[in-house]
Amino acid sequence: MFETLPPLPADPILSLMAAFRKDPNPNKVDLGVGVYRDDDGNTPILACVLAAQQRHNDAETTKSYLDPPGDADFNTAMQRMLFGTADVASTDNRVCSAQTPGGCGALRVAAELVNRAKPGAHIWISDPSWANHVPLLGDAGLTIETYPYFDRESSGLRFDDMMTTLAQVDRGNLVLLHGCCHNPSGVDLDHEQWMAVADLAVERGFTPFIDIAYQGFGTGLEEDAFGVRLMAEKVPELLVASSCSKNFGLYRERVGCLAVVSPNAAAAETVLSQMLNIIRGIYSMPPSHGGAIVKTILNDPTLTRQWQTELEQMRERINGLRDQFTKALGERLGNNRFDFIRRQHGMFSFLGIDHDQIVQLREEFAIYLLDSSRINVAGLNSHNIDYVCDAIVSIR
Ligand code: LMR
């Protein structure tokens with residue numbers, strides 16, 4: 001029967017990761033997949049994760065199933081991290097949440113939930129957005145639309161155009177926003193812009209859906225939740241898909257959280273019953289290990305402090321690299337063409353070079369970046385930054 005299926009091209013991010021692995025060039029540089037790296041190019045397990053894992057393994061007495069929503073203590077801790085301690089939505093029991101297999105699991109369960117409430121609902125995503133948003137949301141039945149976001153000329157935000165488009169979105173449809181560290185552009189909304197979008201959501205009645213996969217990688221753990229917390233206060237309904245891949249470094253453990261804010265506690269209960277039914281029909285219940293580690297960290301003040309310090313170190317390293325990279329390119333070129341890199345947030349920025357130059361970087365220098373010119377800034381380090389800058393300048 002499968003002869004009816006056409007072959008499909010591989011995922012661009014994952015296939016670039018595989019091509020990099022195969023490349024025998026000792027000077028190769030991976031600026032592709034969004035994985036944090038240290039100065040030696042490694043992605044080590046955080047010390048707080050090692051400690052929490054040990055503690056959890058020593059105390060674990062069963063491998064029996066979790067429930068479909070996952071671990072209740074994990075969900076409570078994640079809600080606190082997303083919405084803060086003084087959140088109105090949590091205290092009114094308007095939030096329900098589920099531990100999911102990564103941020104992807106949260107996005108997919110959310111999309112299925114929306115599609116049950118309104119089949120084929122339209123969801124506006126930024127242009128550009130993370131490429132996997134399209135299958136994760138679209139394959140669940142949602143209709144993908146785009147709103148202007150990244151301005152290729154200025155490497156900044158097309159905020160006025162974005163607002164003009166969003167002013168046409170109405171009740172029963174959704175707008176996907178990146179909570180912080182926009183993937184792929186690194187361009188985030190400032191506080192005033194978040195407030196304007198929140199006001200528009202209230203006025204038009206559309207439902208905001210926030211994907212926050214990099215909380216703590218932008219300005220700070222609390223600061224990066226500004227948009228989530230603002231929306232939770234302003235709008236009656238909100239979806240939040242969160243990931244623990246980057247900020248806890250738990251990529252392969254697949255742990256994330258879907259939190260849905262409803263207008264009241266009774267509506268939240270109904271939403272939860274639907275969410276659990278969807279989860280049961282897709283993967284039954286989430287894997288346990290990653291959530292157990294996160295829960296152990298977030299419920300222990302010493303481990304929490306250790307995690308916050310490690311997270312801050314990752315963030316500061318990336319911000320330091322942004323400065324160094326901007327400076328090194330500026331010195332070589334004698335202009336400020338790449339100064340925008342310093343102003344952007346999180347792991348990603350577009351270099352803004354053309355396709356031939358991207359191929360040249362890959363083939364002549366073994367420097368791997370996405371075809372869109374997105375780079376993972378964390379892939380730079382003290383051993384390769386000069387090599388990368390020289391290469392970029394040489395293909396100018
Ligand atoms: C990325 O954008 O590179 C990461 O989120 C990894 C992925 O799954 O695409």
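One-based numbering, in listed order, for ligands and for the atoms of each. Only this structure's heavy atoms are used, side chains among them; waters, hydrogens and symmetry mates stay out.
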- Message: Using heavy atoms and a 4.0 Å limit, tell me yes or no: is Asn132 in contact with ligand 1?
- Response: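 Contact absent.
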- Item | Sub-4.0 Å heavy-atom contact, Arg374 with ligand 1 |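 A heavy atom of Arg374 does come that close to ligand 1.
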One thing to verify: whether [Y] and [X] come together as a salt bridge, which I'm taking to mean a side-chain N less than 4.0 angstrom from a carboxylate O.
X      : Y      : result
Lys327 : Glu331 : yes
Asp39  : Arg317 : yes
Arg116 : Glu112 : no

- Asn376, portion touching ligand 1 at heavy-atom distance under 4.0 Å: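 The answer is neither; Asn376 stays 4.0 Å or more away.
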- Task: Could you pull out the closest heavy-atom pair between Leu221 and Gln215, with the gap in Å?
- Result: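 Distance-wise, the nearest heavy atoms are O-NE2, 3.0 Å.
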- Message: Show the nearest heavy-atom pair for residues Asp30 and Gly32, with the distance to one decimal.
- Response: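 What the structure gives for the nearest pair is OD1-N, 2.8 Å.
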- Task: Would you mind running through ligand 1 and noting each atom that sits below 4.0 Å from a heavy atom of Lys246?
- Result: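 Checking each atom against Lys246, I get 4 (C), 5 (O), 6 (C).
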- Considering only heavy atoms of Tyr214, which atoms of ligand 1 have at least one such atom less than 4.0 Å away?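 This gives 5 (O) as the contact atoms.
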- Can you tell me which residue and heavy atom of the protein come closest to atom 9 (O) of ligand 1, and the distance to 0.1 Å?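 Answer for atom 9 (O) of ligand 1: Trp130 NE1, 3.1 Å.
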- Query: Out of Ser245, Gly102, Pro12, Gly34, whose heavy atom is nearest to atom 3 (O) of ligand 1?
  - Reply: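 Residue with the shortest heavy-atom distance to the ligand atom: Gly34.
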- Message: Tell me whether Val33 has any N or O atom under 3.5 angstrom from an N or O of ligand 1.
- Response: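 Among all N and O atoms of Val33, none is under 3.5 Å from an N or O of ligand 1.
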- Task: Test salt bridge (Lys or Arg N to Asp or Glu O under 4.0 Å) on Lys28 and Asp23 and set out the steps.
- Result: CA-CA 7 Å; Lys28 64 184 177 177; Asp23 191 331; 5.8 Å; no
